[in-house]
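Please read these numbers as outputs of a predicted model, since none were measured by experiment.
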Amino acid sequence: MTELALDNRTLPDRSTVVGWLQNYGVYLGLAVLLLFNVFFTDHFVSGENFRTQAVQVSPVLIVALGMALAIGTEGIDLSVGAVMALATSVTSLYLGYGPWFALVAALVGGAVIGLANGSLIAFIGVQPIVATLALMVGGRGIALVLLPQLKDVRDPAMATLGSGSVVGIPYLALIAAALALVVGFVVRRTTFGRRLLAIGDSRPAAQLAGLPVHRVLITVYVCSGVLAAVAGFLATARLQASDPSSLGNLMELSAITAVVVGGTPLTGGRVRIGGTVAGAVLIQLLTATLIKHDLPSSWTQIAQAVVIVLAVYAARERGKR
């Protein structure tokens, strides 16, 4: 009897195991996928492959950072793909004035879309999914009006940004990592971050506590729009072309998946930037693994759908605990 009681005390219960998997499962999944590729994928362990993966994941990660902020307030931003399209159109139009001017113009476009999203949500009371869905459709329409067709981007500075590196690390990856550190610091160490989490935990309570709810919500969606514009600008530099009809398509789904898989619940009140980074890398690595093993693109879509379902289920279980 005593031995049985001792065994029960030493073995973790189901809730503990489930909780650990929910919080750290993304790192476990990433480790398993890495090991699989190391042993079963040809030419996976090479500097060139790692650089390719880092470049490809960077726009997804940057967009996911803004999505994490929106989800942390119990919201969502479906307009991020359209903002990327708008950014590539604006970049192409204003690149003649120099890359820095084009970047500023793209960021202003992203900020305007974010301001519209935040104003609809904060002041008019439109549900985030509805407000950002409207800008998702309208934003891409504006992008196509500005640039109806694909256009080559020929600029030496943009080419260097898109393909250059420092000690073997691509510029795009360095920018994404720097932005992740900044967003992580803001969430964990600033008053704005604490207010963001308080609003996501309970907006009525935050209002009763005297927090500037409207200002925080608008700032969150402006940040999401600006980050999506940065991703669009960097994607344009990498591709050396502006194509608003396809750039950013389904990016919102990839970003949401990365955020939720990384441990940020859809119910708000919590933001895990480290998990978001791991989630974005996991999605990119999963896609690359299927491609390298010559599986058709349909299998990639199915795999991503499974990951989304598992992520939503994990978020549901977190809400129960």
pair [X]-[Y]: side-chain heavy atoms closer than 4.5 Å:
X: Val60; Y: Met251; result: yes
X: Asn249; Y: Arg140; result: yes
X: Val187; Y: Leu69; result: yes
X: Val216; Y: Leu211; result: no
X: Leu146; Y: Leu86; result: yes
X: Thr91; Y: Met158; result: yes
X: Trp100; Y: Leu103; result: yes
X: Phe44; Y: Leu34; result: yes

>> Classify the ring geometry of Phe123 against His214: parallel below 30°, tilted from 30° to 60°, perpendicular beyond 60°.
In response: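 Perpendicular, since the angle between the ring planes exceeds 60°.
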Under a single-linkage definition using a 4.5 Å side-chain heavy-atom cutoff for Ile, Leu, Val, Met, Phe, Trp and Tyr, are [X] and [Y] assigned to the same hydrophobic cluster?
X: Leu239; Y: Leu144; answer: no
X: Phe192; Y: Leu181; answer: no
X: Val306; Y: Ile291; answer: no
X: Val126; Y: Val80; answer: yes
X: Phe185; Y: Leu174; answer: no

Identify the two heavy atoms, one from [X] and one from [Y], that lie closest to each other, and give their separation to 0.1 Å.
X: Ala229; Y: Ala106; value: CB-O, 3.4 Å
X: Leu247; Y: Gly232; value: CD2-O, 4.0 Å
X: Ile218; Y: Ala122; value: CG1-CB, 4.2 Å
X: Leu172; Y: Gly162; value: CD1-CA, 3.8 Å
X: Leu147; Y: Ser89; value: CB-OG, 3.6 Å
X: Phe36; Y: His293; value: CE2-NE2, 3.6 Å

Report the distance from atom [atom1] of [X] to atom [atom2] of [Y], rounding to the nearest 0.5 Å.
X: Leu234; Y: Thr88; atom1: CG; atom2: OG1; value: 11.0 Å
X: Leu179; Y: Leu227; atom1: CG; atom2: CG; value: 6.0 Å
X: Ile76; Y: Thr132; atom1: CD1; atom2: OG1; value: 7.0 Å
X: Gln284; Y: Thr287; atom1: CD; atom2: OG1; value: 6.0 Å
X: Leu30; Y: Tyr27; atom1: CG; atom2: OH; value: 9.5 Å
X: Thr191; Y: Leu196; atom1: OG1; atom2: CG; value: 12.0 Å

>> Using a 3.5 Å distance criterion without hydrogens, assess whether the side chain of Ser79 forms a donor-acceptor pair with backbone atoms of Ala82.
In response: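 No, the answer is negative, given that no donor and acceptor are paired below the 3.5 Å cut-off.
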> Does Thr52 use its side chain to pair, donor to acceptor, with the backbone of Glu48 at less than 3.5 Å?
Replying inline: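 Yes, the answer is positive, given that a donor and an acceptor are paired below the 3.5 Å cut-off.
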> Would Lys292 and Asn37 count as having a side-chain donor-acceptor pair, cut-off 3.5 Å?
Replying inline: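 Side chains of Lys292 and Asn37: no pair found under 3.5 Å.
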Whether over 12 other heavy atoms sit under 6.0 Å from [X] [atom1]:
X: Arg51; atom1: CZ; answer: yes
X: Gln240; atom1: CD; answer: yes
X: Ile129; atom1: CD1; answer: no

> Only one of Val83, Asp77, Asn117 forms a side chain to side chain contact (heavy atoms under 4.5 Å, CB included) with Leu135, so which one is it?
Replying inline: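 Among Val83, Asp77, Asn117, the one that satisfies the side chain to side chain contact (heavy atoms under 4.5 Å, CB included) with Leu135 is Asn117.
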>> I'd like to know whether Ile256 forms a side chain to side chain contact (heavy atoms under 4.5 Å, CB included) with Leu78, so could you lay out the CA-CA distance, the side-chain angles of the two residues, the decisive distance to 0.1 Å, and finally the verdict.
In response: CA-CA 9 Å; Ile256 293 169; Leu78 299 181; 4.0 Å; yes
> What's the verdict on side chain to side chain contact (heavy atoms under 4.5 Å, CB included) for Ser119 and Ile124, showing C-alpha distance, side-chain angles and the deciding distance?
Replying inline: CA-CA 7 Å; Ser119 298; Ile124 302 179; over 6 Å; no
>> What verdict does the side chain to side chain contact (heavy atoms under 4.5 Å, CB included) test give for Ile283 and Val261, after you've listed the backbone C-alpha separation in whole Å, the side-chain angles of each residue and the deciding distance to 0.1 Å?
In response: CA-CA 9 Å; Ile283 294 169; Val261 167; 5.6 Å; no
